[in-house]
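Computed from a predicted structure; not experimentally measured.
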Amino acid sequence: QVQLVESGGGAVQAGGSLRLSCAASGRTFSRYAVGWFRQAPGKEREFVAAISRSGGSTYYADSVKGRFTIYRDDAKNTVYLQMNSLKPADTAVYYCAAAAAHGDYVLSLVYEYDYWGQGTQVTVSS
């Protein structure tokens, strides 16, 4: 099993930046595909970004493409989400998720992930 802990959320003004971290327990984190999702009040959880187990493939939601970057440091068992040019529409609780991967692919659907963190709040003011 993998346990995930997110950190790095906070309150910023529009145009600002934040870097979220997703720290995983266990020594085989490199075998997991990882994704970031977010959920705003009254809305469904939505896909933000994903990275393959090697880090060689990434995938982004259109709403964040060009502004967010996902990357991983398996030596630290951590996946990061660098968020630049933040907008009020980015306000949400952000969750990281992991799934054991048998190949080097990305996953973008909620049901494809087996493990979830507790979430970290990101608030962007105008």
Legend entry - Mutual orientation of the aromatic rings belonging to Tyr94 and Phe68 [parallel < 30°, tilted 30-60°, perpendicular > 60°]: tilted
Legend entry - Contact summary for Gln82 and Ser17, nearest pair of heavy atoms: NE2-CB, 4.0 Å
Inset, instruction - Working to the nearest 0.5 Å, report the span between CG of Asn77 and SG of Cys22. - result: 10.0 Å
Legend entry - Heavy-atom side-chain contact between Ile51 and Val106 under 4.5 Å: no
Legend entry - Considering all heavy atoms, the nearest Ala49-Tyr60 contact: CB-CD2, 3.6 Å
Legend entry - Whether over 12 other heavy atoms sit under 6.0 Å from Lys43 NZ: no
Inset, instruction - Quick one: pull up CG in Asp73 and OG in Ser30 and give me the separation to the nearest 0.5 Å. - result: 11.5 Å
Inset, instruction - Check step by step if side chain to side chain contact (heavy atoms under 4.5 Å, CB included) holds for Leu81 and Val48. - result: CA-CA 10 Å; Leu81 184 68; Val48 175; 4.2 Å; yes
Inset, instruction - Kindly indicate whether the side chain of Val122, heavy atoms from C-beta on, has any atom under 4.5 Å from the side chain of Thr91. - result: no
Legend entry - Asp90/Arg67 salt bridge by N-O under 4.0 Å criterion: yes
Inset, instruction - Check whether any side-chain heavy atom of Gln1 sits under 4.5 Å from a side-chain heavy atom of Tyr115, and report yes or no. - result: yes
Inset, instruction - Would you mind reporting whether Phe29 and Leu4 have side-chain heavy atoms less than 4.5 Å apart? - result: yes
Inset, instruction - Determine whether more than 12 heavy atoms belonging to other residues, nucleotides or ligands lie under 6.0 Å from atom CD of Gln121. - result: yes
Inset, instruction - Compare all side-chain heavy atoms of Ser63 with those of Arg38 and state whether any distance is below 4.5 angstrom. - result: yes
Inset, instruction - For the residue pair Phe47 and Phe37, categorise the inter-ring angle as parallel (less than 30°), tilted (30 to 60°) or perpendicular (more than 60°). - result: perpendicular
Legend entry - Flag, side chain of Ser25 to backbone of Gln3, donor-acceptor distance under 3.5 Å: yes
Inset, instruction - Please examine the side chains of Val34 and Arg72, heavy atoms only from C-beta on, and report whether any two atoms are closer than 4.5 Å. - result: yes
Inset, instruction - Evaluate the side-chain proximity of Val79 to Ile70: yes if any heavy-atom separation is below 4.5 Å, no if none is. - result: yes
Inset, instruction - Indicate whether the side chain of Asp104 and that of Ser52 have a donor and an acceptor atom separated by less than 3.5 Å. - result: yes
Inset, instruction - Verify the cluster assignment for Val64 and Tyr113: are they in a single hydrophobic cluster under the rule of side-chain heavy atoms below 4.5 Å apart? - result: no
Inset, instruction - Specify the closest pair of heavy atoms between Pro88 and Ser126, including all atoms of both residues, with the distance to one decimal. - result: CG-CB, 3.9 Å
Legend entry - Beyond-backbone contact of Glu6 with Trp116, side-chain heavy atoms, under 4.5 angstrom: no
Inset, instruction - Just do the side chain to side chain contact (heavy atoms under 4.5 Å, CB included) check on Tyr80 and Leu20 with the steps written out, would you? - result: CA-CA 6 Å; Tyr80 302 94; Leu20 304 184; over 6 Å; no
Legend entry - Spacing of Lys76 atom NZ and Ser21 atom OG [to the nearest 0.5 Å]: 9.0 Å
Inset, instruction - Output, in order, the C-alpha distance, side-chain angles, deciding distance and verdict of side chain to side chain contact (heavy atoms under 4.5 Å, CB included) for Leu86 and Leu18. - result: CA-CA 8 Å; Leu86 283 162; Leu18 285 172; 4.2 Å; yes
Legend entry - Same apolar cluster (I L V M F W Y, side chains within < 4.5 Å links), Val124/Met83: yes
Legend entry - Spatial distance of atom NZ (Lys87) from atom OG (Ser85) [nearest 0.5 Å]: 8.0 Å
Inset, instruction - Give a yes or no on whether Tyr59 atom OH has more than 12 heavy-atom contacts from other residues, nucleotides or ligands under 6.0 Å away. - result: no
